[in-house]
Amino acid sequence: MIPLAIALGVASVSFVHANPHAAATLSRLRVESQDTPLAIDAAHPRFSWQVQSDQRGARQLSWRLTVATSPGLLDDGKPDIWDSGRVASPEPFGHAYAGPALASGTRYFWKVDVDTSSGHAARTASFATGLVDETAWAGARWIGKGDAGTRAAPLLRRPFSTEAPVARATLYVAAGGYADVTLDGKPVGPAVLSPGFTNYDKRVQYVATDLTAALQTAGGHVLGMELGRGFYGLTNPDVWHWERAPWHGEPRVRARLAIDFANGQHQDIVTGDDWKLIDGPTLLDDLYGGETYDGRRAQPGFDATGFDDSAWRAASLVPAPRGRLVSQPQPSITVATTLAANEVTQPTPGVYVFRFPRVIAGWATFVAKGRAGDTIVARYGEKLLPDGSVDVRDRHHYFKEGFQTDRFTLSGKGEESWHAKFSYKGFRYVEVSGWPGGAPARDAVTVQVVHSDVAETSSFDSANDLLNWIHRAAVDTVLNNLQGIPTDTPMYEKNGWTGDAMVGADMMLRNLDAGTLLAKWVDDISDARNANGAPLLIAPNPGWGDVRAPPWHAAYILVPWSLYLHDGDLRVLADHEQGMAAYVRLEYARSPGGIATTELGDWVSPETDPDGENAPEDKRVAATAYLYRMVTTMADIEHVLGKDSDAARFRGMADNVRKAFNQAFYDTHAHVYRGQVDRGYRQAHNLFALAFGLAPEADRGLIAANLANDVRARGNHLDTGALATKIILPVLSHSGHEAEAFAVATQVTFPSWGFWRAQGATSLWEHWKAASRSWGHYFLGTADDWLFGDVAGLRPLEPGWRRIEIAPLFSSFLDHASGSVLTPYGNAAVSWQRRGSQLELKVDVPVGATALVRLPTDNLRGASESGTTLDKARGVHVGKACGPGACVTVDSGHYDFSMPATSLQ
C-alpha cells in the first residue's frame, strides 16, 4: 500500500551540524496545539514542546510538568495546581493535564522540565481557561436588533470607565454571525470574519482577546461592535438553502469583558439591554453577494467617549442560538498581506479593471474622493471575459440576487476609505464603475489577502521550475480556501465539501499549521450527519446534500486518521470512534455483496464538462474502493484505541469487500480493472486497486505496467479526476515507473498542471480544461503529496513522525531537490544533489525521531557520511539491502552522505 506523506513543514530548509558538547533547549511550547491560548475549554488540556540539540542521537529521557497560578511558584519549585512528577517518556507531545479541575477564565503558568541524553532543559509558558460554564459569563445576555426590520448591520456600543491600573483584561465574544469589535475606535485584534462558523444548533464558538495593554489608561472607554450575518443570517436565497438553515436568524452577540485590577478589584462589562444600538451604514452584507455601504449613514466616533447616542435605542435581548458555547480552537481568519495592482485597464468608458498579481481570497480597499451620494460599484472575478471586463457570471444560478459585488456610496466628506467587513471574495481582478472625478489612480484600489492565520511551515525546491510552481500554487490555493473550515472555492461555493478536504488533508497538514482547523472541521462533519449517522456532502450543513457518496463521506474516517498520522494525537480518534464506526458499519450493510454505490465518483476527469461532472466510468468501483479503505482504516483505528475485537470485525469486512471488488471488476486475463459502463481503459479504477491494496499481490506489477502503458498511449498524460489524481504519481513511482511519473508531472499540454501554467494560471483550477469554472480550487493539486513524499523523499513511517522514511527519487530527470516538514518532534529536512559523478544527500532528523534512509547504491563501501565510512559514522546503523539500493537507519541529528551517482536512472 502506498505510504501517505502526512506532515507539516518549515519555511526554509536548514541543516544543523553536529556538536557533541551542545546542551538541549526547548521551543514551541503549546497547549492544545496553540501558542499561549486565552480560552482552553478542555478539562484535560494537552501539553507539547520540542527539544533541540546539536548532538547526534539526542533523545528525551523523561519530563515533568508543573502548573501554578504564578510563574514565581514555578521558579521556586512550589506549584500550587499540579505536579506530574518525573515521567519516563521519549514523547514531547500529547501529555494531558491530570490535576484538579481548572477554574473558568483563569490564567495559569506551566513549566516543562526535560531530561535528555544531551542534558537538562526547562522552559515556562502560560495558558488561560475559557468560560466553561454558564456562571462564568457573569450575566452576559444575547443581544441584537430583536426583529429584522431592515437588513442593515447593527452597530452597538457600551461606554464604561476604569480607575485603577489594569493587571489583566480579557474580552470574550460569542456570536450568531460575525462581530467586528472595537475598543475606543480601534480593532481589538487582527481577527476578521469572527467568531468561527459552525452548525449553530450544535456548537457556537466564542473567541478571547487580551485587552490588558489597551486598557492601561484609566478613564472612559467604549466597546463598539458591528454585527454581520455570516452563515447565520444570510438573506439571499441560494441553492444550498443557507437562508433557510434551521438556526437562521438576525445576527446576535454575547460578550464579557473581564477586568482584574492591580489592587485586587474586579470589573465585568457584559452585554445586556443597557447597550445602545442603531442600524449602521452597512445596508446589506452577504457572504456570496457582497456588501452595500452608505458612507452618508456612517457614525464616526460611535465607539469613542463623548459620542451623542441619544438617537440610538436600547439593544434587544434575543434568544441564544441552540448550540453549546465552545471556545474557538482553530486560528482566527486574518488579513495576511496587502497587494498592489499590476495594471489598470479600461475595457469600456467609465469601467476600470484592476489586475493583481495572483488569484486570492479577500477583499479590496477603495480610497476615493467625491460628492455625497456618488456610488462606486466593484465586481470581483478570477478571470476576464473576451471584452476585457471581469467575469462575474453566476452560470449555475446559485444565487437569486447578486454575486461578488460591493457598492460603496461616498459621504462627500473628503477622502474616504472603505473595504468590506463581512464578505470575502475569490478573485484576481476588480472591476469598478462609477468612480468619481475621472479615472482612478492605480493605487486607489489595493486588495487584502484573507484566510485562516495558519503558519506556512513547509519548504520544497527542485531543479524543475514547473514542479516548484505546482508546490507554490498548491499552498496559495489551499490558503485561499482555509476560511475557518476547508472550503472548495472562495469565489463560488465557499462550502466545506467533504471529498475535497479528504484528498487535500495531507497537503494541508504538511504545508500548514492546520491541525486545529481540521480537527474542528471533523466536529462539523459529525454535527452534520443524517438520522442514520451518514455524513452529508458539506460541513457545516444547512440541511442540504443528503446523498450517498462513500468517496466523499470517507472524510469522516480519513481526515481523523491523517490527523493521527500527522501528530500522533489519539483524541480526535477517541472522540469520534463511535460515530465513525457506526457510519462504516452502515455503509457496509447497505453494500449488497460488498459492492457499494455512490452519487459522486472520480469527479472532473479531463473529458468531463468543465462545470463539473463524474468521469465516464462505473462509479461503483470508486465507491467500493473507498468502502474498503474506510473499513481497513477503521480496523487500524480500533486497534490503536485498544479495541482489537472491533478491529478484527472490520478486518473481516475488509476481506469480504476486497474479494467482492476483485470478483466484480478485475479481469484476471488482461490484468485490468473494469466497470460495466466504462468508456475505455480507466486509470482511476486501476489506481484505486493498487494504492488501496485491493489488487492481488502477485499481479501488481502487471496491473501497474498496463497503467504505465496507458499513460504513454495518451502521450504521457493522466486521465484522472479529483480522487485518482492524488495517487497517480506515487503509484507510478512506487511500481517502477518513475519515468512516466515525471513525464506526467512535467507535462505542459492538456491535461496537466503545466497546461494551467502555460495558460497564465497563478493558482490551481477546478477542472483540467481552460474553461474551468473556478480558478481557485485545490483538489486537483495533490501532486504536492508526491513532491514531498517522493521527489524530496520525506514520509512518516509511524504516526507523529517518530520514524521517518527518507527515500528521494534520485532521478536523472533532476539534479537536485529538497524539502522540509515540521513534525511534532521538530524539523525534518532532506536535500539531495548530483555533483559530477557524486550524489550528495543531506538529512536532518529531529530529536526523538529516527529515520530510515534509502541509498541508491548496492555497494555501501562506496558511500560515506561526513567523510567517514558508513560502518564507522556516529549515529548511522547499516542495514540490509532494501529493494534497489540499501538502507541505513540514523538517529537524530544532521548527516552528510556521499556516494557515486552511477545508480541514478
Side-chain angles (χ1 to χ4, degrees), residues 151 193 228-231 233-245 248 283-293 347-348 351 353-356 359-364 375-408 420 422-434 447 450 477 480-481 483 487-497 500 537-538 541-542 544-545 603-604 608-613 763-767 769-779:
R151 294 183 178 182
L193 302 173
R229 295 183 173 277
F231 281 101
L234 280 176
T235 56
N236 186 12
D238 57 63
V239 297
W240 308 283
H241 309 313
W242 287 111
E243 81 285 358
R244 297 185 305 191
H248 189 274
L283 304 182
L284 174 69
D285 64 281
D286 182 273
L287 271 168
Y288 297 103
E291 301 182 33
T292 299
Y293 178 90
T348 57
V351 175
V353 174
F354 290 74
R355 179 174 66 87
F356 294 90
V359 171
I360 67 165
W363 51 62
T375 299
I376 298 169
V377 178
R379 296 178 173 86
Y380 301 74
E382 295 172 339
K383 46 194 170 182
L384 300 177
L385 294 171
D387 66 357
S389 63
V390 174
D391 186 357
V392 291
R393 293 174 297 171
D394 175 20
R395 293 184 299 183
H396 286 262
H397 306 293
Y398 285 151
F399 314 107
K400 184 177 181 180
E401 303 169 7
F403 178 51
Q404 290 220 143
T405 301
D406 288 334
R407 291 174 174 84
F408 170 31
F422 302 123
S423 64
Y424 70 94
K425 294 87 174 173
F427 67 99
R428 186 180 183 183
Y429 302 93
V430 181
E431 177 185 295
V432 298
S433 58
V447 297
V450 176
T477 308
N480 288 341
N481 280 284
Q483 303 290 339
T487 70
D488 63 325
T489 158
M491 180 169 178
Y492 292 97
E493 301 192 29
K494 295 181 169 70
N495 289 319
W497 282 85
D500 300 41
L537 289 180
I538 61 175
N541 195 294
W544 177 90
W603 191 254
V604 294
T608 58
D609 187 289
D611 280 348
E613 65 179 342
S763 56
L764 306 178
W765 295 358
E766 187 179 15
H767 200 286
K769 292 177 179 175
S772 172
R773 178 192 63 158
S774 169
W775 285 6
H777 208 294
Y778 60 77
F779 66 8

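All residue numbers refer to positions in the sequence shown, counting from 1. Please read all numbers here as calculations on a predicted model, not as lab measurements.
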Minimal non-hydrogen separation, [X] against [Y], with atom names:
| X | Y | value |
| --- | --- | --- |
| Leu284 | Arg151 | CD1-CD, 3.9 Å |
| Tyr778 | Thr477 | N-CG2, 3.7 Å |
| Val432 | Ala378 | CG1-CB, 4.2 Å |
| Gly426 | Gln404 | N-OE1, 2.9 Å |
| Ser423 | Gly290 | OG-CA, 3.7 Å |
| Leu234 | Leu287 | CD2-N, 3.6 Å |

Do [X] and [Y] come close enough that some side-chain heavy atom pair is under 4.5 Å?
| X | Y | value |
| --- | --- | --- |
| Tyr429 | Asp391 | no |
| Thr348 | Ser389 | no |
| Arg244 | Pro542 | no |
| His397 | Phe403 | no |
| Val390 | Leu384 | yes |
| Glu493 | Tyr398 | yes |
| Arg428 | Arg355 | yes |

Open item on the list: Would you call the rings of Tyr380 and Phe427 parallel, tilted or perpendicular, taking 30° and 60° as the class edges?
Closed with: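 Geometry flag for Phe427 against Tyr380: perpendicular rings.
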- [ ] Determine the interplanar angle of the His777 and Phe779 rings, folded into 0 to 90°, and report it as parallel if under 30°, tilted if 30 to 60°, perpendicular if over 60°.
- [x]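 If you compare the ring of His777 with that of Phe779, the planes turn out tilted.
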Could you state the interatomic distance from [atom1] ([X]) to [atom2] ([Y]), rounded to the nearest 0.5 Å?
| X | Y | atom1 | atom2 | value |
| --- | --- | --- | --- | --- |
| Lys494 | Phe231 | NZ | CZ | 7.5 Å |
| Trp363 | Tyr424 | CH2 | OH | 11.0 Å |
| Glu401 | Thr235 | CD | OG1 | 7.5 Å |
| Glu382 | Thr489 | CD | OG1 | 5.5 Å |
| Asp488 | Asp500 | CG | CG | 5.5 Å |
| Glu291 | Asp285 | CD | CG | 5.5 Å |

Open item on the list: Using the rule side chain to side chain contact (heavy atoms under 4.5 Å, CB included), only one of Ile360, Asp406, Thr405, Val392 pairs with Lys425; which is it?
Closed with: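 Option passing the side chain to side chain contact (heavy atoms under 4.5 Å, CB included) with Lys425: Asp406.
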[X] side chain to [Y] main-chain N or O, any donor-acceptor pair under 3.5 Å?
| X | Y | result |
| --- | --- | --- |
| Asp394 | Phe399 | yes |
| Ser772 | His767 | yes |
| Asp238 | Trp242 | yes |

Task: Criterion side chain to side chain contact (heavy atoms under 4.5 Å, CB included) on Trp603 and Thr608, from CA distance to verdict - done: CA-CA 8 Å; Trp603 191 254; Thr608 58; over 6 Å; no
Task: Salt-bridge contact Arg229-Glu243 (side-chain N to carboxylate O under 4.0 Å) - done: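 No, no charged N to carboxylate O under 4.0 Å.
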Task: Sub-6.0 Å ring centroid separation between Tyr288 and Trp240 - done: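 Distance test on ring centres: under 6.0 Å, yes.
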Task: salt bridge (charged side-chain N to carboxylate O under 4.0 Å, His left out) partner of Asp611, the single match among Lys769, Arg773, Arg395 - done: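 Checked Lys769, Arg773, Arg395 against Asp611; only one passes salt bridge (charged side-chain N to carboxylate O under 4.0 Å, His left out): Arg395.
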